[in-house]
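Here is the structure we will look at, set down as structure tokens.
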Amino acid sequence: QVQLVETGGGLVQAGNSLRLSCAADGRTFTSYNMGWFRQAPGKEREFVAAITWSGITTSYSDSVKGRFTISRDNAKNTVYLQMNSLKPEDTALYYCAAKRSPGQLMVVMRYDYWGRGIQVTVSS
């Protein structure tokens, strides 16, 4: 069992930045590939970014590529999502997720553990 806790959300104006953090408990953090997803009201949960257990490989959705950066610090059991040049359409509940098996990092249903989510609101 892995418990994930997201922090760092809030309300910002368009064009500004936020950094989300996701802290994982347990001693097996390096066994997990990590992802960030988001869900806006009335929409399905969608992939945002993912990083492999080693931190070597990252992937992004087209909508955030070039603006968001995912990273991890395995010594701190934490994964980050740096969000720059935020837009109103980035407004959503952001979730951190952990996945033990390789591959399919963009697929919601393939993740094993989820945080409760944290709200990000971008005003125009």
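We count residues from 1, following the sequence as given.
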Worksheet item: Within a reach of under 6.0 Å around CZ of Arg67, are more than 12 heavy atoms found that belong to other residues, nucleotides or ligands?
Response: yes

Discussion item. Are Met106 and Ser59 packed together at the side-chain level, in the sense that at least one heavy-atom pair is separated by less than 4.5 angstrom?
Written reply: yes

Worksheet item: Taking the side chain from Asn33 and the backbone from Trp53, do they hold a donor-acceptor pair closer than 3.5 Å?
Response: yes

Worksheet item: Between Pro88 and Ser124, which heavy-atom pair has the shortest distance, and what is it?
Response: CG-CB, 3.8 Å

Worksheet item: Checking Thr52 side chain against Thr57 main chain: does a donor-acceptor pair fall under 3.5 Å?
Response: yes

Worksheet entry | Arg72 NZ/CZ over Phe29 ring centroid, <6.0 Å and within 45° of normal | yes

Worksheet item: Distance-only, no hydrogens or angles: does the Tyr60 side chain make a donor-acceptor pair with backbone N or O of Ile70 under 3.5 Å?
Response: yes

Discussion item. So Val12 and Thr121, do their side chains get closer than 4.5 Å, heavy atoms only?
Written reply: no

Fill in: Verdict with reasoning, Val48 to Leu81, per side chain to side chain contact (heavy atoms under 4.5 Å, CB included)
CA-CA 9 Å; Val48 175; Leu81 185 67; 4.2 Å; yes

Worksheet item: Counting only heavy atoms not in Gln3, do more than 12 sit closer than 6.0 Å to its CD atom?
Response: no

Worksheet item: Is Val122 linked to Met83 within one hydrophobic cluster, defined over Ile, Leu, Val, Met, Phe, Trp and Tyr using a side-chain heavy-atom separation of less than 4.5 Å?
Response: yes

Worksheet entry | Test item: Asn77 side-chain N/O and Asp25 main-chain N/O as donor-acceptor pair under 3.5 Å | no

Fill in: Atom pair CZ/CD1 of Arg38 and Ile118 - distance to nearest 0.5 Å
15.5 Å

Practice prompt. For Ala50 and Leu105, work out which heavy atoms get closest and say how close.
Written response: CB-CB, 3.8 Å

Item to complete: Check Val2 against Ala24 and note the closest heavy-atom contact, atom names and distance.
Response: CG1-CB, 4.2 Å

Worksheet item: Is there a donor-acceptor pair under 3.5 Å between the side chain of Lys99 and the backbone N or O of Ser101?
Response: yes

Practice prompt. Assess whether side chain to side chain contact (heavy atoms under 4.5 Å, CB included) is satisfied between Val120 and Leu20, documenting all intermediate values.
Written response: CA-CA 9 Å; Val120 171; Leu20 303 182; 4.0 Å; yes

Discussion item. Taking the side chain as everything from C-beta on, heavy atoms only, tell me whether Cys96 gets closer than 4.5 Å to Val79.
Written reply: yes

Worksheet item: How about Trp36 and Phe68: are their ring centroids closer than 6.0 Å?
Response: no

Item to complete: Please lay out, stage by stage, how Ser31 and Arg100 fare under the test side chain to side chain contact (heavy atoms under 4.5 Å, CB included).
Response: CA-CA 6 Å; Ser31 299; Arg100 191 142 193 169; 3.8 Å; yes

Worksheet item: Taking side chain as C-beta onward, heavy atoms only, is Leu11 less than 4.5 Å from Gln119?
Response: no

Worksheet item: Checking Arg45 side chain against Tyr95 main chain: does a donor-acceptor pair fall under 3.5 Å?
Response: no

Worksheet entry | Separation between OH of Tyr80 and CG of Asp73, rounded to the nearest 0.5 Å | 5.0 Å

Worksheet item: Under 4.0 Å between a Lys/Arg side-chain N and an Asp/Glu carboxylate O for Lys87 and Asp90?
Response: no

Fill in: Any side-chain heavy-atom pair of Gln39 and Tyr94 under 4.5 Å
no

Worksheet item: Got a salt bridge between Glu6 and Arg116, using NZ or NE/NH1/NH2 to carboxylate O under 4.0 Å?
Response: no

Fill in: Side-chain donor/acceptor of Thr78 to backbone N/O of Lys76, under 3.5 Å
yes

Item to complete: Output, in order, the C-alpha distance, side-chain angles, deciding distance and verdict of side chain to side chain contact (heavy atoms under 4.5 Å, CB included) for Arg110 and Val108.
Response: CA-CA 6 Å; Arg110 296 301 182 190; Val108 171; over 6 Å; no

Worksheet item: Would you say the side-chain atoms of Gln82 and Arg19 include a donor-acceptor pair closer than 3.5 Å?
Response: no

Discussion item. For the aromatic rings, using the six-membered ring if either is Trp, is the centroid distance between Phe37 and Tyr111 under 6.0 Å?
Written reply: yes

